[in-house]
Amino acid sequence: MVSKDDLVKVRDCVYEIPTDTRKDMRVPARVYLDDESIQNISDGTLEQVANVAALEGIQKRSIGLPDIHFGYGFPIGGVAAFGENGGVISPGGVGFDINCGVRLLKTNLTKDDIKPYMKDLVDELFKKVPSGLGSNGIKHLKEKEIDDVLKNGARWAVENGYGWEEDLEFMEENGCMDTADPDKVSTKAKRRGIPQLGSLGSGNHFLEIQTIGEIYDEDVAKQYGVQKDQVVVLIHTGSRGCGYQICADSLREMDKTAKRLKMDIPDRQLACAPIDSDEAQNYLKAMAAGANYAWTNRQMIQHWVRESFENVIGEDAESLGMNLLYDVAHNIIKKEKHKIGKNNKTVYVHRKGATRAFGPGREEIPEEYRSVGQPVIIPGTMGTASYLLSGTETAMNETFGSTAHGAGRILSRSGAKREFTPDEVSQKLASEGILLKANSKPVIAEEAPKAYKNIDDVIDVLDKTGLSNPVAQMKPLGVIKG
DNA sequence: ATGTGC
C-alpha cells in the first residue's frame with residue numbers, strides 16, 4: 001500500500017513516491033500537484049500511479065498530472081512510457097474513449113460582433129450537431145464505408161465534403177494514424193460506430209462558443225493567430241461507442257493474455273501484453289482505427305459548426321476566418337522518440353487524460369507553430385474558462401512531452417447529482433450570461449462546474465512547474481451539451 | 001466516457 005506519507009517533495013508542486021516504497025515498483029511515481037490537491041488526493045489514486053510504475057518496461061517514471069483522478073486501472077491524468085524492447089501495451093492506459101480530444105476553431109469575429117447572433121447560433125448548432133447519449137449522426141454510412149473511416153481518419157471526412165484540405169495540417173498525426181487496421185476492429189465495434197459518426201455524445205463532451213480573455217504570451221498568441229476578444233469555437237468529443245467497444249474487446253483479450261503469460265500485474269484492470277505480442281499489436285492497430293474515427297468525428301462536427309455560422313451570420317466560413325487552430329488527442333498511445341538519460345529511445349507513450357505538449361523544434365508540430373512549441377488546448381468545465389498553452393522543453397525532459405487535459409473531476413457523477421440540481425446550475429450559468437442548451441437535465445447536474453477542480457489551479461501548476469506555457473484564456477459564451 | 005451494472 002502507498003499513501004500520502006510516502007510522498008517526497010522534489011520541488012514546488014512536484015512530489016514523488018520513491019521506487020523503494022513498494023518492492024514491485026520499477027521506477028518512481030511522480031505527481032504534479034498544488035499543496036491543496038496533494039492534501040486531497042485519495043490513497044487509491046496514488047496507489048494507481050504506483051501500480052503503473054510496477055509494469056514491465058516502464059521508462060523513467062510513472063506520471064500524474066495536476067488533473068489526476070481515479071480511473072480504470074490507470075489514473076486519469078496519467079502518462080507512462082514503455083520501451084520498445086521489453087515494454088507492455090495496456091488498453092487501460094488509454095481508456096474507453098479512444099482519442100477523446102479537443103479542437104479549437106478560430107474566427108475573425110469579436111465578442112461584440114457575435115452578440116446579436118448568439119441565441120440563433122446556439123440554437124442552430126444544437127440543431128445541426130447531433131448530441132446526447134446514444135445519439136446518431138446525420139450521415140448514413142454504408143456498411144463498407146466504416147473501414148475507409150477507420151483507415152483514413154480526417155482525410156476521409158475532407159474527401160467527402162467535410163471541411164478543408166488545410167485542416168489536416170493542424171491535427172496531431174494530420175488526423176490519421178497510418179498504423180490503423182480496420183480488420184482488427186470487431187464487427188460489434190463497427191456496428192456501433194456506423195450510425196454514430198458525426199455526433200457529440202454525452203458526459204463531459206461539449207461544443208462551446210468562447211471569446212479570448214486574457215493573453216499571457218503575446219508572441220505565441222500571435223503565432224497561433226489569436227487575440228483578445230476574438231471568438232473561437234471549442235469542440236470536445238471522441239470515438240463514441242466505436243472506441244468504447246474497441247477498448248472493451250481488447251481488455252478482455254489482454255486479461256486472458258496476462259493470465260496465460262502469468263504476468264505479474266498489481267491490478268487486474270492494468271491488463272496488458274508485451275509490445276511484440278500479437279495481442280498488443282492487434283490492439284495498437286485497432287486503437288489507431290478508433291483514433292481515426294474520433295478525428296473524423298471532430299472533423300464532421302467542425303464542418304457543421306462552419307455551416308451554422310454561415311447560416312446565421314450570412315457570410316461564408318472562409319471570410320469569417322474559421323480556420324482550425326489545432327486538434328489534440330487526450331487518450332491515446334503514440335510511438336515517439338524521447339531522450340532518456342543520455343540516449344534517444346523509442347517508447348510507446350500512454351496518455352490517458354493527458355495532452356501531448358511537445359516543445360519548440362519537434363518535427364511533429366506544424367511548421368507554422370514549430371518555433372514556439374505545440375498548441376495545447378485544455379478545456380475547463382461548462383461555465384468556466386478553458387486555456388490555450390504551448391509545449392515546453394521542461395515537458396520534454398520530465399513528462400515525455402505531456403501535460404494536463406482538463407479540470408479533473410472531484411465529485412463523482414452521482415455525487416454531483418446529490419449536490420446540485422440541474423436548474424440551479426442552469427440559472428448560475430444564465431446569470432453569468434452564458435447560454436446553455438443541453439439534451440439531458442441530469443447531465444447538467446453531473447457536469448456542474450463545482451463537480452470539478454478549479455481549472456485555474458491546474459493551469460497554475462503547469463505554469464509553475466514549467467510543464468506548459470500559458471498563452472491565452474478562453475471564456476464561454478454559449479455551450480451545447482450532450 | 002458508454003445501449004446495460006453487479
Side-chain angles (χ1 to χ4, degrees), chain A residues 45 48 67-78 90-103 129-137 185-207 234-252 255 268-269 286-287 289-291 293-298 301 328-333 350-355 378-382 404-417 438-440 442-448 451-452 480-482:
Chain A
T45 305
Q48 287 193 323
D67 51 346
I68 188 169
H69 57 284
F70 194 82
Y72 181 93
F74 288 64
I76 297 161
S90 179
V94 174
F96 280 88
D97 192 1
I98 295 167
N99 191 8
C100 175
V102 289
R103 66 168 59 189
V129 180
S131 64
L133 185 67
S135 51
N136 288 340
V185 176
S186 70
T187 311
K188 194 174 176 188
K190 289 180 190 175
R191 212 184 304 139
R192 287 180 74 172
I194 287 171
Q196 292 185 333
L197 189 67
S199 65
L200 200 59
S202 181
N204 68 355
H205 289 164
F206 64 78
L207 198 166
L234 190 75
I235 300 167
H236 180 192
T237 186
S239 49
R240 310 286 286 103
C242 182
Y244 182 99
Q245 194 61 48
I246 290 170
C247 178
D249 289 342
S250 60
L251 276 173
R252 223 164 44 122
D255 194 47
R268 215 174 143 187
Q269 293 188 349
M287 181 216 70
Y293 183 101
W295 277 310
T296 311
N297 198 25
R298 289 197 284 278
I301 290 171
V328 298
H330 286 163
N331 289 354
I332 204 161
I333 296 172
H350 293 52
R351 294 192 182 89
K352 181 185 194 177
T355 315
I378 302 187
T381 64
M382 60 182 186
H405 87 302
R409 234 177 212 292
I410 45 176
L411 261 178
S412 66
R413 288 178 188 282
S414 51
K417 276 186 283 198
N439 265 289
S440 142
V443 169
I444 297 179
E446 289 174 8
E447 293 298 318
Y452 289 84
I480 310 292
K481 277 299 258 189

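Here is how names work: the chains are called A, B, and so on, in the same order as the sequence lines, proteins then strands, and each is numbered from 1. As the structure is a computational prediction, the values presented were derived from the model and not from experiment. Basis for what follows: all heavy atoms, side chains included, without hydrogens, waters or symmetry-related copies.
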Check your understanding: Roughly how far apart are A:Cys100 SG and A:Ile332 CD1, rounded to 0.5 Å?
Key -> 11.0 Å

Exercise for review: Kindly compute the distance separating CG (A:Asp97) from NE2 (A:His205), expressed to the nearest 0.5 Å.
Suggested key: 4.5 Å

Check your understanding: Rounded to whole angstroms, how far apart are CZ on A:Arg240 and P on B:dT2?
Key -> 5 Å

Check your understanding: With sugar-phosphate meaning primed atoms plus P, OP1 and OP2, does A:Gly238 contact a base, only sugar-phosphate, or nothing at under 4.0 Å between heavy atoms?
Key -> nothing

Revision key, fill the gap. Sorted by chain and number, sequence neighbours left out, side chain to side chain donor-acceptor pair (under 3.5 Å) with A:Asn99 holds for A:Arg298

Point to revise | Nearest-Å distance for atom pair CG/P, residues A:Asn331 and B:dT2 | key: 11 Å

Check your understanding: In whole angstrom, what separates A:Asn136's CG from B:dT2's P?
Key -> 12 Å

Practice item. Would you indicate what A:Gln196 reaches in the nucleic acid, counting non-hydrogen atoms under 4.0 angstrom: base, sugar-phosphate, or nothing? Key: sugar-phosphate

Point to revise | Partner set under salt bridge (charged side-chain N to carboxylate O under 4.0 Å, His left out) for A:Arg240, not counting sequence neighbours | key: none

Revision key, fill the gap. Atom CD of A:Glu447 and atom P of B:dT2 are separated, to the nearest Å, by 11 Å

Check your understanding: Roughly, in whole Å, what's the span from CD1 in A:Ile246 to P in B:dT2?
Key -> 14 Å

**Study point:** For atom OH of A:Tyr293 and atom P of B:dT2, their distance in whole Å
**Key:** 10 Å

Practice item. Check every strand shown and say whether A:Ser202 touches a base, only sugar-phosphate, or nothing at a heavy-atom separation below 4.0 Å. Key: sugar-phosphate

Revision key, fill the gap. note: A:Gln245, atom CD; B:dT4, atom P; distance rounded to Å ~ 13 Å

Exercise for review: Find the distance A:Leu200:CG to B:dT2:P and express it as a whole number of Å.
Suggested key: 9 Å

